[in-house]
Chemist: 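For reference, the structure I am asking about is given below.
Chain letters run A, B, ... following the sequence lines, proteins first and then strands; every chain starts at 1.
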Amino acid sequence: MAEFLNGLKRTHLCAGIGKDTLDKEVTLMGWVQSRRDHGGVIFIDLRDQTGIAQVVFNPDISPESHVLAHSLKDEYVIAITGKVAKRPADSINEKLPTGFYEVMVDTLKILNECKPLPFPIEDSIDAGEATRLKYRYLDLRRGSMRNRLVMRHRLSAAIRSFLNARGFLELETPFLTRSTPEGARDYLVPSRVNPGKFFALPQSPQLFKQLFMIAGFEKYYQIVKCFRDEDLRADRQPEFTQVDMELSFVEAEDVRALTEHLITDIFKEVLDVSLPSPFPVLQFSEAMRRFGTDKPDLRIPWELSDFTELARNVDFKVFRSAAESGGIVKGLNAKGCATFSRKEIDDLLPEIQPYGARGLAWIKMTDQGAQSPILKFLHEGFVEELFKRMGAQSGDLLLFQADQASVANPALNHLRECLWKRLYPLSAEDFRPVWVINFPLLEYNPEEKRHIAMHHPFTSPLTEDIPLLKTDPGKVRAQSYDIVINGYEIGGGSIRNHAMALQEQIFSLLNIKAEEAKNKFGFLLEALSYGAPPHGGIALGFDRLAMIMSGAASIRDVIAFPKTQKAVCLLTDAPSGVAPSQLQDLYLKLIPPRK
RNA sequence: GGGGGCGUAGUUAAGCUGGUUAUAACGCCGGCCUGUCACGCCGGAGGCCGCGAGUUCGAGUCUCGUCGCUCCCGCCA
């Protein structure tokens with residue numbers, strides 16, 4: 001039977017059992033981690049927030065509690081009072097920090113019982129994720145999960161302390177706000193008071209933090225939830241946490257320097273890891289050229305080589321037609337992969353087909369010379385240049401993609417990552433940050449037949465590129481920066497348009513008509529016209545940061561109550577249907593989903 | 001929206017080319033045990049093989065559909 005405390009006070013925590021408590025009477029409270037019943041004496045590992053202590057029920061000391069202890073099972077919640085004793089010399093457990101001591105129990109109080117568990121409360125994971133999520137409160141009892149959440153707390157504490165010390169104010173912004181075009185799909189909240197109208201949950205506090213700048217709060221930050229109704233991934237949840245920052249009177253270098261300092265500090269503080277300094281900086285165009293991605297994993301030294309220009313003059317149709325039709329021809333030297341069999345090489349194509357790759361050309365470098373089905377189509381000069389640029393040596397496997405850049409680049413980067421990992425497992429304790437800066441301001445969207453903002457529509461162009469806005473908008477670079485660690489985009493930001501005229505010009509480039517801009521962003525345009533200071537900022541993906549720093553494979557492992565890939569919560573069964581009266585209150589009517 | 005993987009006892013898994021009573025470990029239940037800490041020993045219970053169709057004399061196994069979890073593409077910064 002579950003009992004109440006009735007005045008009983010906990011005097012110590014499990015981790016505190018040691019030399020200082022020897023011979024003292026202590027009261028501990030916690031969970032039964034395990035029970036070892038020897039018929040006579042019974043041992044319990046008692047677990048609380050701090051650790052584990054062994055408590056002993058001996059019939060010679062307290063027959064009543066010994067009898068009661070027979071009913072204890074895993075995860076019962078108990079309070080025990082007893083005297084701390086040194087363990088006999090041959091019974092010391094050096095694996096436990098408290099292993100030299102134990103508590104000889106006088107009285108036992110069973111505070112609550114526990115049904116047989118769906119999975120054991122142990123550090124190593126063996127239950128499936130669905131089971132763990134359904135019983136998340138049990139999953140979180142496991143030390144490995146608990147440590148990640150503790151680490152997450154230390155991380156946010158370190159961030160707050162860093163920013164507070166530099167004069168930043170943590171200011172809140174609304175969750176119920178308005179839906180704006182561009183960007184991700186919004187989560188909508190119907191307004192009962194305003195029939196037919198909806199709030200949107202913020203994809204980020206972007207506009208509000210800019211308004212803070214205009215309001216004269218020159219350094220803002222917030223550790224805040226953001227919401228995006230898009231499909232999930234291992235590193236993407238529909239609600240996630242950002243470290244959102246904005247500063248006035250700064251340029252891109254200032255924001256980067258501050259962010260770099262912040263990240264270096266928290267890695268030192270939380271993990272005692274010293275990051276390389278300064279972080280390397282890549283132009284977006286350089287990142288794409290050398291790595292085929294805007295978020296390169298710099299733990300992998302391999303780089304791509306570009307042969308597009310040369311490929312115009314070769315007989316090999318696959319190469320030439322790609323080069324002539326606006327595509328690219330690029331190669332990857334997978335050093336040491338010449339040992340791959342023909343089948344192993346053939347099996348690489350399915351790896352990159354998801355990116356749209358239609359083939360994979362290869363040259364195997366062996367002691368007997370180069371082997372490849374494509375060599376006969378390539379003239380000697382071209383081949384020599386290939387080898388030279390790729391640094392080809394015996395033992396290497398050269399891989400090529402000839403396709404549109406949007407296919408060839410990601411395909412080669414994927415090969416770069418997956419082949420390297422096969423040879424050398426990547427260390428989760430090796431952190432390689434890199435800045436990727438000056439992204440294109442706009443990208444062309446063929447479906448909508450217009451340019452859309454690559455970052456967001458408030459990003460400022462590079463001053464030197466402003467003239468191109470009129471002549472060649474696709475070439476305009478933005479004052480933007482992404483911070484990437486180990487192939488994960490950890491954060492991104494930009495300098496914003498603080499001049500109304502420039503912002504209006506960009507809206508019009510985005511084909512957002514003056515009227516629409518006024519309707520949807522009028523409040524921002526108006527605010528910009530009331531003395532907006534130059535400003536910019538950045539938002540860091542807090543969950544991803546916690547994931548990388550804790551070595552977790554998924555963002556879900558650092559979120560207490562995450563959603564599954566279908567965006568449902570297995571614990572609460574959300575989302576759920578609602579009562580017709582609730583819909584009526586909101587003037588909503590459901591229509592059946594399309595088949 | 002699309003592609004891949006997985007789904008068998010409470011849990012984690014095995015179950016070959018379709019074949020008789022579906023295995024194991026841990027957990028659970030009962031008994032024994034006064035120095036264990038992965039306690040040990042003896043005994044026992046526990047299954048809609050995700051669900052639904054189909055093929056077959058016969059389906060955990062093959063086919064199709066469907067649901068769930070997961071990884072990826074699209075989407076998302």
Chemist: Who is the Watson-Crick or G-U wobble partner of B:rG35, with both distances under 3.5 Å?
Modeler: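 No nucleotide pairs with B:rG35.
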Chemist: RNA chain B: A:L570 or A:P116, which has the more 5' nearest nucleotide?
Modeler: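 Closest to the 5' end, via its nearest nucleotide, is A:P116.
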Chemist: Can you tell me how far C1' in B:rA59 sits from the matching atom in B:rG18, rounded to whole Å?
Modeler: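 These two C1' atoms come out 6 Å apart once rounded.
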Chemist: Is A:F43 stacked on the base of B:rU36 when the test is centres under 5.5 angstrom and planes under 30 degrees?
Modeler: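 Ring-base stacking flag set for A:F43 and B:rU36.
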Chemist: Could you tell me whether a side-chain N or O of A:R544 sits under 3.5 Å from a main-chain N or O of A:R236, the two making a donor and an acceptor?
Modeler: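 Checked: no pair found.
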Chemist: Does the pair A:D231/A:R185 count as a salt bridge with the N-to-O cut at 4.0 Å?
Modeler: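 No.
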Chemist: Could you report the tightest heavy-atom contact between A:E182 and A:P457, atom names first, then the distance?
Modeler: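 Smallest heavy-atom distance, with atoms named: CG-CG, 3.9 Å.
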Chemist: Check every strand shown and say whether A:D37 touches a base, only sugar-phosphate, or nothing at a heavy-atom separation below 4.0 Å.
Modeler: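 Base, at least one base atom sits under 4.0 Å.
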Chemist: How far, in whole Å, is B:rA77 from B:rG5 if one measures between their C1' atoms?
Modeler: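 Approximately 28 Å lies between the C1' atom of B:rG5 and that of B:rA77.
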Chemist: May I ask you to verify if any side-chain N or O of A:R185 is less than 4.0 angstrom from the OP1 or OP2 atom of B:rA77?
Modeler: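 Indeed not, no polar side-chain atom of A:R185 lies that close.
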Chemist: Between the base of B:rC69 and the side chain of A:R132, is one N or O donor paired with an acceptor at under 3.5 angstrom?
Modeler: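 Side chain to base: no pair present.
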Chemist: With a 4.0 Å cut-off on heavy atoms, is A:V568 in touch with a base, just the backbone sugar-phosphate, or nothing at all?
Modeler: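 Here A:V568 touches the backbone only, sparing every base.
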Chemist: Over 60° means perpendicular and under 30° means parallel, so classify the ring planes of A:H456 and A:F458, tilted if in between.
Modeler: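 Correct class here is tilted.
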Chemist: Let me spell it out: for each of A:F119 and A:E102, pick the nucleotide of RNA chain B with the closest heavy atom. Which residue's pick is nearer the 5' end?
Modeler: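 Of the two residues, A:F119 wins.
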Chemist: Taking B:rG15 as the reference, what is the distance to B:rG58 when you measure between their P atoms (whole Å, please)?
Modeler: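 Pairwise P distance, B:rG58 against B:rG15, rounds to 26 Å.
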Chemist: Please determine, for the side chain of A:Y355, which listed nucleotide (B:rC72, B:rU12, B:rA77) has the closest atom?
Modeler: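 From the listed options, B:rC72 comes nearest.
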Chemist: It should be established whether A:K566 places a side-chain nitrogen or oxygen under 4.0 Å from OP1 or OP2 of nucleotide B:rG68.
Modeler: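 Checking B:rG68 against A:K566, a side-chain N or O does come within under 4.0 Å of OP1 or OP2.
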Chemist: So which nucleotide from B:rC75, B:rC37, B:rU34 ends up closest to the side chain of A:E230?
Modeler: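 The answer is B:rC75.
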Chemist: Side chain of A:A234, heavy atoms from C-beta onward: which of B:rG74, B:rC72, B:rG68 has the nearest atom to it?
Modeler: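 Among B:rG74, B:rC72, B:rG68, the one nearest the side chain of A:A234 is B:rC72.
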Chemist: Among the candidates B:rU70, B:rC39, B:rA77, find the nucleotide nearest to the side-chain atoms of A:A184.
Modeler: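 The listed nucleotide nearest to A:A184's side chain is B:rA77.
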Chemist: Is B:rC49 paired to anything, Watson-Crick or G-U wobble with both distances less than 3.5 Å, and if yes, which nucleotide?
Modeler: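 Looking at the geometry, B:rC49 pairs with no nucleotide.
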Chemist: Write down the distance between CG (A:D90) and C1' (B:rC39), rounded to a whole number of angstrom.
Modeler: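 From A:D90 CG to B:rC39 C1': 14 Å.
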Chemist: Strictly by Watson-Crick or wobble contacts shorter than 3.5 Å, is anything paired with B:rC69, and which nucleotide is it?
Modeler: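 The base-pairing partner of B:rC69, which may sit in any strand shown, is B:rG5.
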Chemist: Students often get this wrong, so: under 4.0 angstrom with heavy atoms, is A:D235 touching a base, only sugar-phosphate, or nothing?
Modeler: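 The answer is nothing, as A:D235 stays clear of every strand by at least 4.0 Å.
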Chemist: Taking only Lys NZ, Arg NE, NH1 and NH2, and the carboxylate oxygens of Asp or Glu, determine whether A:D482 and A:K295 approach each other closer than 4.0 Å.
Modeler: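 No.
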Chemist: Whole angstrom is fine here: how far is it from CG in A:L46 over to C1' in B:rU36?
Modeler: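 Taking atom C1' of B:rU36 as the reference, CG of A:L46 is at 16 Å.
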Chemist: When you compare B:rU11 with B:rC16, how far apart are their C1' atoms, in angstrom units rounded to a whole number?
Modeler: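 That atom pair is separated by 26 Å.
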Chemist: Heavy atoms under 4.0 Å, any strand shown: does A:G492 hit a base, just sugar-phosphate, or nothing?
Modeler: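 It contacts nothing in the nucleic acid.
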Chemist: Within the structure shown, what part of the strands sits under 4.0 Å from A:P59 by heavy-atom distance: base, sugar-phosphate, or nothing?
Modeler: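 Base contact.
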Chemist: Return the nearest nucleotide to the side chain of A:A127; candidates are B:rC37, B:rU12, B:rG35.
Modeler: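 In terms of side-chain proximity for A:A127, the closest of B:rC37, B:rU12, B:rG35 is B:rU12.
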Chemist: Heavy atoms from C-beta onward define the side chain here; which of B:rC39, B:rC71, B:rC37 lies closest to that of A:S554?
Modeler: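 In terms of side-chain proximity for A:S554, the closest of B:rC39, B:rC71, B:rC37 is B:rC71.
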Chemist: OP1 or OP2 of B:rC69 less than 4.0 angstrom from a side-chain nitrogen or oxygen of A:K134, does that happen here?
Modeler: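 Negative; the distance criterion is not met.
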Chemist: Please report the distance, rounded to the nearest Å, between CD in A:Q565 and C1' in B:rG4.
Modeler: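 Distance check: A:Q565 CD to B:rG4 C1' gives 12 Å.
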Chemist: Answer yes or no: side-chain N or O of A:Q353 and base N or O of B:rG4 forming a donor-acceptor pair under 3.5 Å.
Modeler: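 Looking at the base of B:rG4, it does not pair with any donor or acceptor on the side chain of A:Q353 (distance under 3.5 Å).
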Chemist: To the nearest 0.5 Å, tell me how far A:R148 CZ sits from A:L155 CG.
Modeler: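 Nearest 0.5 Å value for the CZ-CG distance: 14.5 Å.
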Chemist: Suppose we define a pair by two distances each less than 3.5 Å, Watson-Crick or G-U wobble; what does B:rG18 pair with here?
Modeler: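 WC or wobble partner does not exist here.
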Chemist: Suppose you measure atom P in B:rC29 against the same atom in B:rG65; what distance do you get, rounded to whole Å?
Modeler: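 Result for the P pair: 44 Å, nearest Å.
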Chemist: Using a heavy-atom cut-off of 4.0 Å across all strands, would you classify A:G356 as base, sugar-phosphate, or nothing?
Modeler: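 Since no nucleic acid heavy atom lies under 4.0 Å of A:G356, the category is nothing.
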Chemist: Checking contacts here: which listed nucleotide (B:rC71, B:rC76, B:rC69) is nearest the side-chain heavy atoms of A:A130?
Modeler: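 Of the options given, the side chain of A:A130 lies nearest B:rC69.
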Chemist: For the side chain of A:R36, starting at C-beta, report the closest nucleotide among B:rU11, B:rA77, B:rC39.
Modeler: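 Selected nucleotide (nearest to the side chain): B:rC39.
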Chemist: Side-chain N or O of A:R87 versus OP1/OP2 of B:rU36: is the shortest distance under 4.0 Å?
Modeler: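 It does not, given that no N or O in the side chain of A:R87 lies less than 4.0 Å from OP1 or OP2 of B:rU36.
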Chemist: Between A:L232 (CG) and B:rG68 (P), how many Å, whole number?
Modeler: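 So the two atoms are 14 Å apart, to the nearest Å.
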Chemist: Where the side chain of A:N58 is concerned, which of B:rU34, B:rC39, B:rC76 is the nearest nucleotide?
Modeler: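 Among the listed nucleotides, the one closest to the side chain of A:N58 is B:rU34.
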Chemist: With a 4.0 Å limit, can you tell me whether A:R556 has a side-chain N or O closer than that to the phosphate oxygens OP1/OP2 of B:rU70?
Modeler: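 So the side chain of A:R556 is within the cut-off, an N or O lying under 4.0 Å from OP1 or OP2 of B:rU70.
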Chemist: Would you say that more than 12 heavy atoms from the other residues, nucleotides or ligands in this model lie under 6.0 Å from the CD of A:E251, or not?
Modeler: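 No.
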Chemist: Applying a 3.5 Å limit to both distances, which nucleotide forms a Watson-Crick or G-U wobble pair with B:rG54?
Modeler: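 Base partner found: B:rC62.
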Chemist: OP1 or OP2 of B:rC69 less than 4.0 angstrom from a side-chain nitrogen or oxygen of A:T564, does that happen here?
Modeler: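 Yes.
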Chemist: How is A:R236 classified with respect to the nucleic acid when contacts are heavy atoms under 4.0 Å: base, sugar-phosphate, or nothing?
Modeler: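 The residue A:R236 makes base contact.
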Chemist: Salt bridge or not between A:D465 and A:K475? Use side-chain N to carboxylate O under 4.0 Å.
Modeler: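 The answer is no: the pair does not qualify as a salt bridge.
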Chemist: Does the structure show a Watson-Crick or G-U wobble partner for B:rC26, both distances under 3.5 Å? Name it, or say none.
Modeler: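 Result: B:rG10.
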Chemist: What integer number of Å spans the P atoms of B:rU56 and B:rU61?
Modeler: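 Approximately 16 Å lies between the P atom of B:rU56 and that of B:rU61.
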Chemist: At 4.0 Å (heavy atoms only), tell me whether A:I352 reaches a base, stays on the sugar-phosphate, or touches nothing.
Modeler: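 Result for A:I352 = nothing.
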Chemist: Across the strands shown, which category fits A:P88 at heavy-atom distances under 4.0 angstrom: base, sugar-phosphate, nothing?
Modeler: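 Base, at least one base atom sits under 4.0 Å.
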Chemist: Answer with base, sugar-phosphate or nothing: what part of the nucleic acid does A:F439 contact at a heavy-atom distance below 4.0 Å?
Modeler: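 Here A:F439 touches the bases of the nucleic acid.
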Chemist: A:D231 side chain: which of B:rG1, B:rC37, B:rG35 is closest?
Modeler: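 Between B:rG1, B:rC37, B:rG35, the one nearest the side chain of A:D231 would be B:rG1.
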Chemist: Hey, would you say the A:H451 and A:Y444 ring centroids sit under 6.0 Å apart?
Modeler: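 Ring centres of A:Y444 and A:H451 closer than 6.0 Å.
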Chemist: For A:N438 and B:rA77, what is the distance between atoms CG and C1' respectively, to the nearest whole Å?
Modeler: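 About 17 Å, once rounded to whole Å.
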Chemist: Rounded at 0.5 Å granularity, tell me how far CE in A:M213 sits from OH in A:Y220.
Modeler: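 These two atoms lie 8.5 Å from each other.
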Chemist: Expressed as a whole number of Å, how far does the C1' atom of B:rC64 sit from that of B:rU55?
Modeler: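 To the nearest whole Å, 10 Å.
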Chemist: What is the distance, rounded to the nearest whole Å, between atom CD of A:Q33 and atom P of B:rA38?
Modeler: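 Spelled out: CD on A:Q33 to P on B:rA38 is 12 Å.
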Chemist: Nearest-Å distance, CG (A:D139) to P (B:rU11)?
Modeler: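 One finds 14 Å between P of B:rU11 and CG of A:D139, rounded.
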Chemist: Check the distance between B:rA77's P and A:N445's CG and give it to me in whole angstrom.
Modeler: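 So the CG-P distance, A:N445 to B:rA77, works out to 12 Å.
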Chemist: I'd like the P distance from B:rA38 over to B:rC49, given in whole Å.
Modeler: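 That atom pair is separated by 37 Å.
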